[in-house]
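Here, residue 1 is the first one in the sequence, and each next residue gets the next number. Every number for a ligand or one of its atoms is a count from 1 in the order of the listing.
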Amino acid sequence: MSELSGRRIVLGVTGGVAAYKAAELVRLLGKAGADVHVVLTAGGARFVTPVTFQALSGNPVWSDLWDPRVENNMAHIDLTRGTDAIVIAPGTADVIAKLVHGIADDLLTTLCLARECPLLVAPAMNRQMWEHPATRRNIAQLAADGATVVGPAAGDQACGETGMGRMLEPDELLEHLIAFFQPKLLAGRKVVMTAGPTFEAIDPVRGITNTSSGKMGYALAQACRRAGAEVVLVSGPTGLPAPLGVERVDVCSALQMRDAVVAALPGADVFIGVAAVADYRPLSAAEHKVKKSSAELTLTPNPDILAEVAARPDAPFCVGFAAESRELDAYAEGKRRAKRLPMLVGNLVQDGLGSDDNQVILYDDAGRHPQPRAPKTVVAQKIVEHLAGLLAMRATRLAR
Ligand code: C5P
């Protein structure tokens, strides 16, 4: 089960240099589970051949409005039947102008005019074309007509100039598309989270840490963002890339993590503690490398960030995580009560730590809710749905 499983996407590739990135986009869409059907304009075919797109999508590539492979000669309608979205990447200034004016002089523009599904356009053009008043007008009209315009970004351009007009990268386009299909369950909410391990320095080269990969926390930050939340992710050292649209604050130690969380809290509706915070830290970090002869290490407890946040008078809705190696129900529910959390996600360490999959049980005032084993991205989505349900219930209660 991947994020775009069961989704049928028609990808329109028009004549811009960025067409080469569309090949990678097809690969990523396929990997995410989508069934991709490429419609290549005459201009697009000047940059990348149909063979490339056919090989990568595993489906025939379409270019001709009069393609005899479509039995009833209705290619302009048939191709988008049952389609979840048409994505045009790259979208040239020319195709955008045609879409805005309802011109239907080739297969792609005709499909767009005859469609019932949503349309996403990733513009790609030289910065002067992008800034031209005609393009500005067309982009505003395209959005007003209900299309979703993704990008462009600023940066180096094929013409040798630098400026606005670069098509978004394939991984960014993929993320926009995945987010596009997600219900905006957390729209208008601010979520502050912790993730990853902490690193408690012993001296300049050594420290106490743990094997938390940060994958679950990062997947959850991404799921919250996809659900429409503003997300601040306070992260210990992980080496993972920040999810698109998430504000990441990098920290090392538990004390730094607590400070960063406190700084991010104003306006937060939800706090989620996913980080595997070290329980203890060396009383003081040595300025110089400790010698073999001095084997003594004095430890002092770290603050419990989650318990502190949950105990604040203005506490946001707090969600905890508990990774246990046995007796999950007893320990997880015990932690939820001790830290006074409305929701806690429990898992057995052997089921999740470091891996891409996880199997969790959600605990709340109504009891335990076991979830099926799934990739962490899917588990994160379930957690968001459960969290959004509890937030909605709480809002209804407060309104009474
Ligand atoms: O370590 P423990 O099992 O108590 O962790 C349970 C929850 O508390 C987790 O959500 C974790 O992120 C949070 N926690 C924390 N600060 C600590 C210890 C744990 O925020 N010092």
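- The protein atom (non-hydrogen) at minimum distance from atom 17 (C) of ligand 1 is V277 CB, 3.5 Å.
- The shortest N or O to N or O distance between A278 and ligand 1 is not below 3.5 Å.
- Scanning all protein heavy atoms for the shortest distance to atom 1 (O) of ligand 1 gives D279 OD1, 4.1 Å.
- The residue among K335, R281, K339 with a heavy atom at the shortest distance from atom 3 (O) of ligand 1 is K335.
- Considering only heavy atoms from C-beta on, M193 stays 4.5 Å or farther from V232 through its side chain.
- Summary of contacts: the protein heavy atom closest to atom 6 (C) of ligand 1 is F321 O, 2.9 Å.
- In this structure, A322 has no heavy atom closer than 4.0 Å to ligand 1.
- Inspection of the H369 and D364 side chains reveals an N or O donor paired with an N or O acceptor under 3.5 Å.
- Using a 4.0 Å cut-off to heavy atoms of G320, the atoms of ligand 1 that qualify are 10 (O).
- Near G273, the atoms of ligand 1 lying under 4.0 angstrom from a non-hydrogen atom of the residue are 9 (C), 10 (O), 11 (C), 12 (O).
- Under a 4.0 angstrom heavy-atom cut-off, D304 registers as being in contact with ligand 1.
- Between V319 and ligand 1, no pair of N/O atoms sits closer than 3.5 Å.
- R136 forms a cation-pi arrangement with W130, by the criterion of a distance under 6.0 Å to the ring centre and an angle within 45° of the ring axis.
- Counting atoms of ligand 1 from 1 in the listed order, those under 4.0 Å from a heavy atom of A275 are 11 (C), 12 (O).
- In this structure the side chain of I9 never reaches within 4.5 angstrom of the side chain of H37, judged on heavy atoms.
- Under the 3.5 Å distance criterion, with hydrogens and angles disregarded, no donor-acceptor pair is assigned to the side chains of S5 and E3.
- Atom NZ of K184 has more than 12 neighbouring heavy atoms from other residues, nucleotides or ligands inside a 6.0 Å radius.
- With a 6.0 Å cutoff to the six-membered ring centre and a 45° limit on the axis angle, R7 counts as a cation-pi contact of F181.
- A heavy-atom distance below 4.5 Å is not found between the side chains of D269 and V191.
- Below 4.0 Å from some heavy atom of L306 lie the following atoms of ligand 1, by number and element: 7 (C), 8 (O), 10 (O), 13 (C), 15 (C), 20 (O).
- At the shortest separation from atom 16 (N) of ligand 1 among protein heavy atoms lies I305 N, 3.0 Å.
- The closest side-chain heavy-atom distance from C112 to I86 is below 4.5 Å.
- If you look at A254 next to ligand 1, there are no close heavy atoms at all, none under 4.0 Å.
- The closest approach between P303 and ligand 1 falls below 4.0 Å for a heavy atom of the residue.
- A donor-acceptor pair under 3.5 Å is formed between the side chain of S253 and the backbone N or O of Q256.
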